[in-house]
Amino acid sequence: MTLLTRVLEAKKTFSFEVFPPKTPEGHARLLETIGKLCALKPDFISCTYGAGGGNRDRTFEIVEHIQTVYGIPSMAHLTCVSHSRAEIAAILEEFERRKIRNILALRGDPPQEASGVSREPGDFRYSSDLVAFIRARFQDRVSIGVAGFPETHVLSKDADSDARFLKEKIRAGADFVITQLFFDNRHYFDYVERLRKIGVHAPVIPGILPITDYAALKRFCERCGASVSREVHDLFGPLADDPAGTLEAGTAFAIKQCRELLKGGAPGIHFYALNKTHPVDDILKALRNSSF
C-alpha cells in the first residue's frame, strides 16, 4: 500500500476525514458516501477511531475498503490512552493483516467510565509513546501522522510547551502533522513558525472544517478548545436560522481560507468532511481550478 510520506513528498495534497457510524445502516450509508468522495480523487482519506467495540472494527474495515476497492491511500486513526501495550500490539497485528500502512497516532481522551481505571506499568501515557511503539515495530514500512494544535492543546500550559510536545512526537518517529480545525489562518502560520524555530520540519497539514451549522460549530469548538474568530461570528451569526445561506457562506469562507493557506506554503488541506460529500466537493473543485 502507498505510504503517505511518499505522497506528501510529491505534491500538495487534498484529503478527507470520515468517521465510523454506530449502526449498520449508518455504515452502509457511509460506504456509499465513500464511493462519492473517492470519485473526487483525493490523495488520501483518514478514518477516526472508536476505542473498543464495533466502532474500532469499523475503522479498520473502512480503511481496508478504501484501499482495496478504490486504490486510494487510507489512514487509520489509533488512540492509545485506554489501551494496554498488549492491546495495541494486537491492533498493530490486525493492521499488518489488513495491509494498513498509514496511521494517525493519537493519545485520545479517556472514556468517562474508565476514568478510575489504574494504568499498568509500561502502558502509554502520551501519543509520543504510541509513535515510538509503532515505529519500533514497523520501522520504515509505515507512515505515521500525529495531531497538531495551532491554538495549543487544551492541556498545554502555553504555545511554546505545546510546540515542544509536538517535537517529541517527531523525535519518536512521526512523519507529518495534521492540525485541529481553526478559522484564523494566522494561528496556523504562527504555529508552523514556532515549530520551524525549534527544528521541526515535518509537513504540517491544516485541518479544515467547512461551516454548515453555526450553532453546532460553536458547541464543538467549546469542547475541543478551538476559537471562533470574530470574522466567523460576524458572518455566520446573522445566518444562524438560514441553512442555505450558511452553506453558501461556509463554502465561500472555506475556499478563501484554503487558498490563503496554500499560497502561504501549506502542504495540502485535510477536510473534516463529516461523512458528507457536500460542500467539500465544491470547495475542492474551486481549489483545483486555482494556481498556487
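All heavy atoms count here, side chains included; hydrogens, waters and symmetry mates do not. Because the structure is predicted, anything quoted here is derived from the model rather than measured.
Of the inter-residue distances, the one linking Ile34 atom CD1 with Cys47 atom SG reads 7.0 Å to the nearest 0.5 angstrom. From Leu166, atom CG reaches atom OG of Ser128 across 10.5 Å, with rounding to the nearest 0.5 Å. One distance of note links CD1 of Ile283 with NE2 of His278; it measures 8.5 Å at 0.5 Å rounding. Taken from CD1 in Ile170 to CZ in Phe165, the straight-line distance is 15.0 Å, to the nearest 0.5 Å. Taking CD from Gln257 and CG from Leu287, the interatomic distance works out to 10.5 Å, rounded to the nearest 0.5 Å. Atom CG of Leu104 and atom CE of Met75 lie 4.5 Å apart (nearest 0.5 Å).
Side-chain N/O atoms of Asp162 and Ser156 include a donor and acceptor closer than 3.5 Å. Side-chain atoms of His77 and Thr59 include no donor-acceptor pair closer than 3.5 Å. Ser143 and Asn102 are linked by a side-chain donor-acceptor pair at a separation below 3.5 angstrom, with hydrogens and angles left out of the test.
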For Ile88 and Leu78, what are the C-alpha separation, side-chain angles and deciding distance, and is it a side-chain contact (heavy atoms from CB on, under 4.5 Å)?
CA-CA 9 Å; Ile88 291 293; Leu78 178 60; 4.2 Å; yes

Please lay out, stage by stage, how Leu40 and Phe14 fare under the test side-chain contact (heavy atoms from CB on, under 4.5 Å).
CA-CA 10 Å; Leu40 300 175; Phe14 296 108; over 6 Å; no

Show the numbers, then the answer: is there a side-chain contact (heavy atoms from CB on, under 4.5 Å) between Phe253 and Phe183?
CA-CA 9 Å; Phe253 185 93; Phe183 298 102; 4.1 Å; yes

Passes ring pair (Phe, Tyr, Trp, His ring centres under 6.0 Å), Phe138 versus Phe95? Steps please.
CA-CA 11 Å; Phe138 289 109; Phe95 282 3; 7.7 Å; no

Go through the steps to decide whether Leu37 and Val280 satisfy the test side-chain contact (heavy atoms from CB on, under 4.5 Å), and finish with yes or no.
CA-CA 9 Å; Leu37 289 172; Val280 292; 4.1 Å; yes

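Here the side chain of Arg85 pairs no donor or acceptor atom with the backbone of Asp123 at under 3.5 angstrom. Arg135 places no side-chain N or O within 3.5 Å of a backbone atom of Ala172 that could act as its donor or acceptor partner. Here the side chain of Arg194 pairs a donor or acceptor atom with the backbone of Pro150 at under 3.5 angstrom. One N or O on the side chain of Lys169 and one on the backbone of Ala147 form a donor-acceptor pair closer than 3.5 Å. Between the side chain of Lys167 and the backbone N or O of Leu195 there is no donor-acceptor pair closer than 3.5 Å. The main-chain N or O of Phe19 is found under 3.5 Å from a side-chain atom of Asn275 such that the two form a donor-acceptor pair.
When side chains are defined from C-beta on, Glu9 does not count as touching Val7, because their heavy atoms never get closer than 4.5 Å. At a threshold of 4.5 Å between non-hydrogen side-chain atoms, the residues Ser46 and Ser74 do not count as touching. A heavy-atom distance below 4.5 Å is found between the side chains of Pro20 and Thr48. Proximity of Gln180 to Cys224: side-chain heavy atoms (C-beta onward) are separated by under 4.5 Å at one or more points. In this structure, Glu64 and Glu61 have side chains that are not in contact, with every pair of non-hydrogen atoms separated by 4.5 Å or more. In this structure, the side chains of Ile91 and Phe60 come closer than 4.5 Å at one or more pairs of heavy atoms. Within the 4.5 Å cutoff, side-chain heavy atoms of Arg196 are placed close to those of Val192. At a threshold of 4.5 Å between non-hydrogen side-chain atoms, the residues Ile134 and Ile103 count as touching.
Cation-pi geometry between Arg107 and Phe124 is not met at under 6.0 angstrom from the ring centre and within 45 degrees of the axis.
Under the side-chain contact (heavy atoms from CB on, under 4.5 Å) criterion, Glu151 pairs with Phe182, His187, Ala226, Ser227, sequence neighbours left out.
At most 12 heavy atoms of other shown residues, nucleotides or ligands fall within 6.0 angstrom of atom NZ in Lys276. Within 6.0 Å of CD in Glu96 there are more than 12 heavy atoms belonging to other residues, nucleotides or ligands. Shown here is Asp241, whose CG atom has no more than 12 heavy atoms of other residues, nucleotides or ligands within 6.0 Å.
Residue Val63 is grouped with residue Leu30 when hydrophobic side chains (ILVMFWY) are merged at heavy-atom distances under 4.5 angstrom, including chains of intermediate members. Under the 4.5 Å side-chain heavy-atom criterion for grouping Ile, Leu, Val, Met, Phe, Trp and Tyr, Tyr188 is connected to Phe271 within one hydrophobic cluster. Leu247 is not connected to Leu181 by any chain of hydrophobic side-chain contacts under 4.5 Å among Ile, Leu, Val, Met, Phe, Trp and Tyr, and they are in different clusters. In terms of hydrophobic clustering, with Ile, Leu, Val, Met, Phe, Trp and Tyr side chains grouped at heavy-atom distances under 4.5 Å, Phe189 and Leu262 are assigned to a common cluster. Residue Leu130 is grouped with residue Val177 when hydrophobic side chains (ILVMFWY) are merged at heavy-atom distances under 4.5 angstrom, including chains of intermediate members.
By the 4.0 Å N-to-carboxylate-O rule, Glu94 lies close enough to Arg97 to be salt-bridged with it. Salt bridge Arg186/Asp190: present, at least one basic N to carboxylate O contact under 4.0 Å. Salt-bridge annotation for Lys197 and Glu193: present, with a side-chain N of the basic residue lying under 4.0 Å from a carboxylate O of the acidic one. Looking at Asp234 and Arg230, a side-chain N of the basic residue comes within less than 4.0 Å of a carboxylate O on the acidic one, giving a salt bridge. Using a 4.0 Å cut-off between charged nitrogen and carboxylate oxygen, Arg171 and Glu168 count as a salt-bridge pair.
The shortest non-hydrogen separation linking Gly250 to Phe236 is N-CE2, 3.4 Å. Nearest approach of Asp242 to Gly245, heavy atoms of both residues: OD1-N, 2.9 Å. Nearest approach of Ser15 to Pro42, heavy atoms of both residues: CA-CB, 4.4 Å. Residues Ala163 and Ile198 come closest through the heavy atom pair O-CD1, 3.5 Å. For Ile62 against His27, the heavy-atom pair with the smallest separation is CG1-CE1, 3.8 Å. Of all the heavy atoms in Val142 and Asp175, the pair that sits closest is O-OD2, 4.0 Å.
Close placement of the Tyr70 and His65 rings is indicated, their centers lying within 6.0 Å of each other. Between Phe44 and His270, the distance from one ring center to the other falls under 6.0 angstrom.
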Extract all donor-acceptor atom pairs below 3.5 Å that involve side chains of residues 199-217 and protein atoms in other chains or at least two apart in sequence.
residue	atom	partner	partner atom	Å
Asp213	OD1	Ala215	N	3.3
Asp213	OD1	Ala216	N	3.0
Tyr214	OH	His233	ND1	2.5

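Among the candidates Ile45, Thr33, Val69, the single residue satisfying the side-chain contact (heavy atoms from CB on, under 4.5 Å) test with Cys38 is Ile45.
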